[in-house]
Colleague: 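Before anything else, here's the structure in question.
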Amino acid sequence: MTKKESLKSPKKLIIFIGSPRKQSNSAQLAREAGRGARAAGAQVELVNLAQLNIRPCQACDRCRNLGPGSCFQRDDMQKLYPLLLQPAPFILSHPVYWFSINSQTKLFIDRWYALGTDEYACFKNKKVGIILTYAEADVFSSGGVNALHAYQDMFNYLGAEIKGLVYASAPDTGSVKANRQALKEAFELGKSLVS
Ligand SMILES: Cc1cc2nc3c(=O)[nH]c(=O)nc-3n(C[C@H](O)[C@H](O)[C@H](O)COP(=O)(O)O)c2cc1C
């Protein structure tokens, strides 16, 4: 990036948190990623999906006759489409529910359908990070691996690049705070996404 370009567009990282919990493990790792990005001189925007009104995609295809990010449903996705249309990298950080992506996050992802009117141009070459927490001992027994497979297929289809994955077993509320390795990995992920 040239000096002129960096003045025009400051570095930014957007982090979407999918947990509804107050002492959330995945939110703790998300904040750590935010710290890493800030340490690299970036602005960070944290979005808590569980606090927003995001309705399911109605598969009506009305968006197909409109511009990218135009959905007939008037809910909080109207605030989130502009974020996704920005060139900034983003992180999806959420717990594993029922061996896969949790519903708060999946509702959000389904609504990306309204970004497909220009072949999902906003995702092309975009850098993405994934953070998962789960209660079981590892990424296989927890089903975290199913979420990761879905993300591999999804971002391959969208033309985005998964720059890093952080996943950790955190069976109790807030227990990820004791996992120094995961906290460090999350910090480094945030940093690398804006570097
Ligand atoms: C509805 C529900 C489903 C869950 N399903 C799984 C699961 O399939 N595998 C797993 O290892 N943990 C599962 N968990 C445990 C959470 O993934 C785990 O506690 C995680 O660390 C919570 O993250 P959070 O504090 O960010 O919400 C489930 C929890 C809930 C509430």
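The basis for the numbers below is simple: all heavy atoms, side chains too, and nothing from hydrogens, waters or symmetry mates. In listed order, ligands and their atoms are each counted from 1. The shown structure was predicted, so the numbers you read here are calculated from the model rather than taken from an experiment.
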Colleague: Counting both backbone and side chain atoms, is some N or O of Ser26 under 3.5 Å from an N or O of ligand 1?
Modeller: yes
Colleague: Starting from atom 31 (C) of ligand 1, find the nearest protein heavy-atom neighbour and note its residue, name and distance.
Modeller: Tyr97 CE1, 3.7 Å
Colleague: In the protein, what heavy atom is nearest to atom 6 (C) of ligand 1, and what distance, to one decimal place, separates them?
Modeller: Val96 O, 3.3 Å
Colleague: Looking at Asn146 and Phe99, would you say the former's side chain and the latter's main chain have a donor-acceptor pair under 3.5 Å?
Modeller: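 Looks like yes, one N/O pair under 3.5 Å.
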Colleague: Atoms of ligand 1 less than 4.0 Å from Ser24 heavy atoms?
Modeller: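 Per the distance check, 24 (P), 25 (O), 26 (O).
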Colleague: Determine whether Leu52 and Gln104 make a side-chain contact, defined as any pair of heavy atoms from C-beta on separated by less than 4.5 Å.
Modeller: no
Colleague: Say whether Ile15 and Ile109 are linked into one hydrophobic cluster, either directly or through other cluster members, by side-chain heavy-atom distances under 4.5 angstrom.
Modeller: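 Different hydrophobic clusters.
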Colleague: Counting non-hydrogen protein atoms only, what is the nearest one to atom 5 (N) of ligand 1? Give residue, atom name and distance.
Modeller: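 The closest one turns out to be Trp98 N, 2.9 Å.
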Colleague: How far is atom 19 (O) of ligand 1 from its nearest protein heavy atom, and which residue and atom name does that atom have?
Modeller: Ala170 O, 3.6 Å
Colleague: Check whether any side-chain heavy atom of Phe155 lies under 4.5 Å from a side-chain heavy atom of Leu92, and answer yes or no.
Modeller: yes
Colleague: Just need the protein heavy atom nearest to atom 9 (N) of ligand 1, so name the residue and atom and give the distance.
Modeller: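 Heavy-atom neighbour on the protein nearest atom 9 (N) of ligand 1: Ser142 O, 2.9 Å.
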Colleague: Tell me which protein heavy atom sits closest to atom 8 (O) of ligand 1, plus the residue, atom name and distance to 0.1 Å.
Modeller: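 Looking only at protein heavy atoms, the one closest to atom 8 (O) of ligand 1 is Phe99 N, 2.7 Å.
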Colleague: What side-chain donor-acceptor pairs closer than 3.5 Å can you find for residues 158-171, not counting sequence neighbours?
Modeller:
| from | atom 1 | to | atom 2 | distance (Å) |
| --- | --- | --- | --- | --- |
| Ser169 | OG | Glu136 | O | 2.8 |

Colleague: Between Thr173, Ile131, Thr133, Leu29, flag the one that comes closest to atom 20 (C) of ligand 1 by a heavy atom.
Modeller: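 Closest candidate by heavy-atom distance is Thr133.
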Colleague: Do the numbers put Arg64 on top of the ring of Tyr113, so that NZ or CZ is under 6.0 Å from the six-membered ring centre and no more than 45° off the axis?
Modeller: yes
Colleague: With a 4.5 Å heavy-atom cut-off, do Leu83 and Leu80 have their side chains touching?
Modeller: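 Yes. Closest side-chain heavy atoms under 4.5 Å.
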Colleague: For atom 15 (C) of ligand 1, find the nearest protein heavy atom and state the residue, atom name and distance (0.1 Å precision).
Modeller: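 Minimum-distance protein heavy atom for atom 15 (C) of ligand 1 reads Ala135 CB, 3.6 Å.
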Colleague: For ligand 1, which part of Glu136 has a heavy atom less than 4.0 Å away: the side chain, the backbone, both, or neither?
Modeller: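 Both the backbone and the side chain of Glu136 come within reach of ligand 1.
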Colleague: Under the side chain to side chain donor-acceptor pair (under 3.5 Å) rule, what pairs show up with a residue in residues 32-43, not counting sequence neighbours?
Modeller: Glu32-Arg35
Colleague: Checking a contact table here: which protein heavy atom is nearest atom 27 (O) of ligand 1, and how many Å away?
Modeller: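 Answer for atom 27 (O) of ligand 1: Ser19 OG, 2.6 Å.
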